[in-house]
Structures are given as C-alpha cells and as structure tokens.
Amino acid sequence: MKQNVFTFLKIFISIGLLVFLFWSVGPARIAAIAASADYRFLAAAVILWFGSVVFSVWKWDVMLRAQGIVVPFRALMAHYYIGLFFNNFLPMVGQDVVRGYGIARYTERTHEVAVSVFVDRLIGLLAFIVGGALMSIVIVFAYGRSDMTQFALVTCAIALAVLLLFASILSRRLRALAEYLFHLPILKILLPTYQKLSDALLPYRHNGRVLVIGYVLATISMIDTHFVNWLVNFGVHANVPLEYIFLFNAVVVFAPLIIPSIGGLGVTQGAFVVLYATIGRTTSDEHAFAMGLMMQVVVIISSLPGALLWLRGREREPSLVVG
C-alpha cells in the first residue's frame with residue numbers, strides 16, 4: 001500500500017511540475033524553440049553520453065573487483081543500460097536496484113554486489129558535489145559573480161559536510177566521534193543508518209587506491225555529462241557559457257534525489273529553470289526549460305538499448321544478459 005502511494009506521488013509530482021513549467025514558460029515559446037532547434041547537436045549529445053556510461057560502468061567494475069567479484073565488462077554494461085531504461089520508464093523501480101539485482105542474481109553474492117552499487121553511487125555523487133563546489137568558487141572569484149556568493153557558500157558547505165560524512169564512514173577514529181554525535185537526541189534516530197553505511201564501506205576502508213581510481217573515473221564521467229549538456233545548450237540556442245554548465249550540471253543531478261519523480265521528469269526541468277535562469281541568469285526561462293527537456297530526451301533515447309538487452313536476456317536465461 002505504501003509503495004502504491006509513493007508511486008502515485010512520483011507520477012503526480014512529475015506530471016504536475018512538467019505541466020506547471022510548460023504553461024508558466026509558455027507553450028508558444030517552447031514550440032518556437034523546438035521548431036528552431038538544431039537536432040544535430042542532440043544527436044551528438046546522445047553519442048557523447050555513451051562515454052559517460054562507459055566510465056560509470058568502469059567505476060562499478062573497480063568497486064566489484066575490490067570485493068573479488070569479476071564480471072565481464074559487457075555484462076556490467078548491459079545491466080547498467082537495463083537499469084537506465086527501467087529508471088526512466090517504470091516509476092516503481094530505480095536504476096541501482098535493477099542493475100544490482102541483475103548482477104547479484106548470477107554471482108550469488110547479493111550483499112557484496114549491493115555494497116558495490118552503494119559505494120559506486122556514493123563516489124559518483126561525491127565527485128559531482130565537490131566539482132560543483134569548486135566551480136562555484138571559480139564563478140564568484142574568477143568571473144566576478146559576487147551576487148552568487150551565497151549560492152557558492154551553500155554549495156561548499158554541503159560539499160564539506162558530504163566529505164566529512166564520507167571520511168567518518170571510512171575512518172574508525174572519526175566513526176567513534178560521529179557515533180558519539182549521533183547519540184544526541186536530535187540525531188539519535190539516524191544512528192542505525194549511519195552504522196549500516198559505515199559497515200558497508202568496510203571492504204574499502206583499507207583500499208584507498210580503489211577509492212581514488214573510482215573518484216577519478218567518476219570525475220571523468222561527470223565532465224563528459226557537462227559537455228553533453230553543452231551540446232544540448234547549442235541545440236536549443238540557449239547560449240549558456242561552458243563554465244556555468246560545469247557549475248549547474250554538477251548541482252542539478254541532486255534534484256531528483258531530493259524530490260521524488262519518475263526518472264527526474266519535471267524535477268530536472270524545474271532545476272534547470274531555477275539554476276540557469278533564476279540564480280545564474282545565464283539564459284531565459286524558456287531556454288532553460290528547453291535545455292532540461294532536451295536533456296531528458298537524450299537520457300531516454302540513450303537508455304533504449306537497455307530495453308533490447310532486457311528482452312534479449314529474457315530469451316537467453318539463465319546465462320548473463322550478453323552471454
């Protein structure tokens with residue numbers, strides 16, 4: 001029952017936000033942008049997105065191998081794409097659940113695979129928030145955007161908090177200190193969750209090399225998505241400078257994590273308008289909305305191979321999806 005309510009909520013939020021933004025920006029202006037869009041850039045963005053997937057899968061492979069799990073790279077790629085597909089089209093499942101389940105099912109090491117997915121996602125998010133924080137400093141000081149100082153302070157504070165949390169999960173000494181803080185009445189309810197997160201990272205605690213490699217791969221994947229957004233920007237003639245895409249794309253990925261939705265639909269477009277048009281003042285509301293909408297199209301088109309791989313895998317069970 002709770003799952004059905006949450007699913008309905010995600011659908012309601014996605015559709016509601018999308019309709020609200022569409023009518024707020026203006027159907028006529030959106031139609032004009034769509035009519036004048038250069039879809040060659042959209043096609044190039046879809047191709048470039050593949051690079052981001054490759055580095056993301058490589059990062060996951062590194063996390064798995066750290067636990068002694070060796071899976072063919074093409075199999076990891078297939079399950080990653082299947083996760084992307086289900087994440088975009090089915091409101092009841094997420095990408096991490098699908099890809100983790102697919103690999104755990106055949107390796108029979110469910111716990112280790114789940115941990116690898118969690119660490120993989122955590123490192124990826126860490127790379128994005130740190131990248132966004134650093135770029136916010138550059139924007140304020142190198143580009144003279146003193147009006148964005150508050151935004152930079154908030155972004156840096158969040159990045160610092162995430163870094164400290166990550167360090168406290170890895171370090172035994174910092175974990176002891178953190179557990180002491182979590183015994184405070186206001187934080188006590190979060191103590192079991194924190195302990196589970198810390199225990200999950202145990203296989204990586206003394207393997208700094210793996211974490212560094214994972215972070216580098218996550219950063220490369222992040223930069224790839226920045227350029228994907230840049231191409232989409234050209235496609236809709238939004239004229240957003242590259243440095244602002246490096247800043248806001250690193251932040252916009254967190255919107256769907258905070259607000260429930262179907263594959264980020266509605267929420268992502270709202271984040272584009274708020275960040276690129278309202279806070280950054282780098283383009284108009286309609287162009288920011290069009291950028292967010294086109295990015296959604298890029299992600300959906302890029303995930304379609306996952307549907308074919310899933311159907312192929314059903315026909316070829318019980319072997320791995322790509323054999």
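Atom OH of Y39 has more than 12 neighbouring heavy atoms from other residues, nucleotides or ligands inside a 6.0 Å radius. Counting heavy atoms of neighbouring residues, nucleotides and ligands inside a 6.0 Å radius, atom CZ of F141 does not exceed 12 of them.
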Q) Would F50 and S302 satisfy side-chain contact (heavy atoms from CB on, under 4.5 Å), going step by step from the backbone distance to the final call? A) CA-CA 8 Å; F50 177 74; S302 301; over 6 Å; no
Q: Please step through salt bridge (Lys or Arg N to Asp or Glu O under 4.0 Å) for the pair D285 and R29, ending with a clear verdict.
A: CA-CA 10 Å; D285 287 352; R29 286 183 288 180; over 6 Å; no
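In this structure, M148 CE and I137 CD1 are separated by 12.5 Å, a value rounded to the nearest 0.5 Å. In this structure, OG1 on T268 lies 11.0 Å from CG on L21, to the nearest 0.5 angstrom. In this structure, CE on M222 lies 11.5 Å from OG on S56, to the nearest 0.5 angstrom.
Residues Y215 and L211 are not in side-chain contact: their nearest non-hydrogen atoms beyond the backbone lie 4.5 Å or more apart. The shortest distance between side-chain heavy atoms of V162 and L126 falls below 4.5 Å. I129 has its side chain out of reach of L163: every pair of non-hydrogen atoms, C-beta onward, lies at least 4.5 Å apart. Looking at heavy atoms from C-beta onward, S261 lies out of side-chain contact with K10 at the 4.5 angstrom threshold.
Checked by atom type and distance alone, the side chain of T155 pairs as donor or acceptor with a backbone atom of F151 at under 3.5 Å. A distance-only check finds a donor-acceptor pair linking the side chain of S136 to the backbone of A133 [under 3.5 Å]. Without hydrogens or angle criteria, S14 side chain to L265 main chain gives a donor-acceptor distance under 3.5 Å. In this structure, the side chain of S303 engages the main chain of I300 through a donor-acceptor pair within 3.5 Å. Judged purely by atom type and a 3.5 angstrom limit, S116 uses its side chain to pair as donor or acceptor with the backbone of V113. Using modelled atom types, no side-chain atom of Y204 and backbone atom of Q67 make a donor-acceptor pair closer than 3.5 Å. Put simply, the side chain of R109 gets close to the backbone of G68: a donor and an acceptor are under 3.5 Å apart.
Taking the six-membered ring where the residue is Trp, F272 and Y276 present parallel rings, their angle staying beneath 30° rather than reaching 60°.
Each of I33, V25, V273, N233 was checked for a side-chain contact (heavy atoms from CB on, under 4.5 Å) with H287, and the lone residue meeting it is I33.
Taking every heavy atom of both residues into account, A37 and M294 meet most closely at CB-CE, 4.4 Å. Contact between D224 and L48 at its shortest, heavy atoms only, is OD1-O, 2.9 Å. Summarising the geometry of I262 relative to N88, their closest heavy-atom pair is CG2-O, 3.9 Å, with the distance given to 0.1 Å. The two residues V53 and Y80 have their closest heavy-atom pair at CG1-CD2, 3.8 Å.
Under a hydrophobic-cluster definition in which Ile, Leu, Val, Met, Phe, Trp and Tyr are linked whenever side-chain heavy atoms come within less than 4.5 Å, directly or via other members, V19 and I30 are assigned to the same cluster. Cluster membership for I123 and L160, using ILVMFWY side-chain heavy atoms within less than 4.5 angstrom, is not shared. Cluster annotation: Y101 and I103 are assigned to distinct hydrophobic clusters (Ile/Leu/Val/Met/Phe/Trp/Tyr, side-chain heavy-atom contacts under 4.5 Å, transitive). Cluster annotation: V130 and V138 are assigned to the same hydrophobic cluster (Ile/Leu/Val/Met/Phe/Trp/Tyr, side-chain heavy-atom contacts under 4.5 Å, transitive). Tracing side-chain contacts under 4.5 Å through hydrophobic residues (I, L, V, M, F, W, Y), one never reaches L153 starting from I158; they form parts of separate clusters.
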Donor-acceptor contacts, no H, no angles, side chain residues 236-259, under 3.5 Å, sequence neighbours left out:
residue : atom : partner : partner atom : Å
H237    : NE2  : S36     : O            : 2.9
Y244    : OH   : R145    : NH1          : 3.0
N249    : OD1  : N229    : ND2          : 3.0
N249    : ND2  : T225    : OG1          : 3.1
N249    : ND2  : H226    : ND1          : 2.7

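Listed by first and then second residue, the salt bridge (charged side-chain N to carboxylate O under 4.0 Å, His left out) pairs involving residues 115-141 are K59-D120, D96-R121, R99-D120 (not counting sequence neighbours).
Between F86 and W310, the distance from one ring center to the other falls under 6.0 angstrom.
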